[in-house]
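Everything below concerns the one structure shown next.
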Amino acid sequence: MQVLDGKKTSEDIKKEIAIEVQQMKENGEKVPHLAAVIVGNDGASLTYVGSKVRSCQQIGFDSTLVSLPETITEDELLAKIKELNEDDNLDGFIVQLPLPKHINEEKILLAIDPDKDVDGFHPTNFGKMALDMDTFIPATPFGIMQLLKRYNVDTVGKHTVVIGRSHIVGRPMSILMSRKGNPGDSTVTLTHSRTKNIEEFTKNADIIITALGVPNYLKADMVKDGVVVIDVGITRVADAAHPKGYVITGDVDFDGVSKKSSFITPVPGGVGPMTIAMLLQNTLLARKMRLK
Ligand code: GUN
C-alpha cells in the first residue's frame with residue numbers, strides 16, 4: 001500500500017509555481033493576482049479561504065481577501081462581482097461556496113467573467129472541460145488528477161466508481177476520468193444518494209473516489225484487494241480531546257480500507273492541500289492568458 005501524499009505533492013507544485021513567479025518578477029512582469037470572496041462567518045469556509053490567501057503570499061502571488069457580511073443582498077454581491085470582473089489588476093477570483101440561502105448561487109456563478117473563473121465553475125468553462133478544450137479545471141478534481149499522474153497510478157481501462165454527484169467534485173471528476181489520457185481513459189460509474197446497492201459497484205471498482213461527506217462511510221468489506229482509493233471527505237467531527245474541539249474526518253475508514261488498497265489518500269493531508277495548489281495553478285494560467 002502506498003499513501004498518496006497530497007501535502008508533499010502540493011508543496012512540490014507550489015515550489016514549481018514559485019519558481020515561475022520569481023522568473024516573472026526578474027523579467028519585470030506583473031505577478032498573478034487572486035481575489036477570494038467570502039460571505040458570512042462559516043468556520044470551515046473561513047479556514048479554507050484563509051489557507052488560499054496564505055498560499056498566495058507563500059509563493060509570491062498578490063492576493064486580496066474580500067470579506068462580506070452574511071446580510072449582503074444578492075444585488076450587492078452581483079455589483080461586487082462586476083467590480084472584480086472589471087478590475088484590470090486582478091487575474092482571477094473565486095466566490096467561496098456555499099453562499100447564504102437568500103443568495104442564488106447559480107446567478108452568482110453566471111456573473112463571473114469566465115476568463116477570471118479560476119474555480120472553473122462557470123458553464124462556459126465546465127462545458128469546455130467536458131469537450132476536452134483548454135480551460136480552468138475545478139481545483140479539487142484537478143488536484144486528484146495531478147496526484148494520480150505524479151504517483152503514476154494507471155487508470156486506463158480501469159473501472160472508476162465516483163461516489164457523489166456534486167458540481168464541485170463528483171460530476172467533474174466523472175468527466176475527467178472518462179476523458180482520453182492517463183489519468184483518464186477509465187470506465188466511469190457515477191453513484192449518488194439514489195443509487196441502489198452501492199456496494200455492488202464499489203466491490204467491483206479498481207478506483208474509488210468518494211465525495212460524500214459521511215465520515216468513515218467506505219469500509220474494508222465494500223472494496224476489493226488492490227483498489228485505489230481517493231477520499232475527498234472533510235467532515236468536522238466533534239472531539240473534546242482535540243484542542244480545536246473537532247477532528248477532520250474523511251469518507252473512508254482508513255485503517256480498514258488501507259489494508260486492501262494499492263494506493264490511498266489520507267485525511268487530512270490528501271486531496272485537501274491539492275485543491276489549493278491547483279487553484280494557484282489556475283491563477284497562474286489566468287495571468288498567462290491575460291498576457292496573450
Ligand atoms: N467550497 C468547497 N470547495 C470549494 C471550491 O473549490 N471553490 C469554492 N469557491 N468554494 C468551495
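The analysis underlying the following values was restricted to heavy atoms, covering all of them including side chains, and did not include hydrogens, waters or symmetry mates. Order of appearance sets the numbers: ligands from 1, and atoms from 1 within every ligand.
- Under the 4.0 angstrom criterion for non-hydrogen atoms, Y48 is not in contact with ligand 1.
- Considering backbone and side-chain atoms together, D119 places an N or O closer than 3.5 Å to an N or O of ligand 1.
- Looking at ligand 1, you'll find an N or O of V95 within less than 3.5 Å of one of its N or O atoms.
- Any N or O atom pair closer than 3.5 Å counts here, and Q96 shares at least one such pair with ligand 1.
- Between D206 and K224 there is a salt bridge, since at least one side-chain N of the basic residue sits less than 4.0 Å from a carboxylate O of the acidic one.
- Checked against a 3.5 angstrom limit, the closest N/O atoms of L97 and ligand 1 fall inside it.
- At a cut-off of 3.5 Å, with distance as the only test, a side-chain donor of T140 or T275 sits close to an acceptor on the other residue.
- Remark: the backbone N or O of D115 is paired with a side-chain donor or acceptor of D113 at under 3.5 angstrom.
- Looking at R290, its side chain does come within 3.5 Å of a backbone N or O of D88 through a donor-acceptor pair.
- Here the side chain of S10 pairs no donor or acceptor atom with the backbone of M274 at under 3.5 angstrom.
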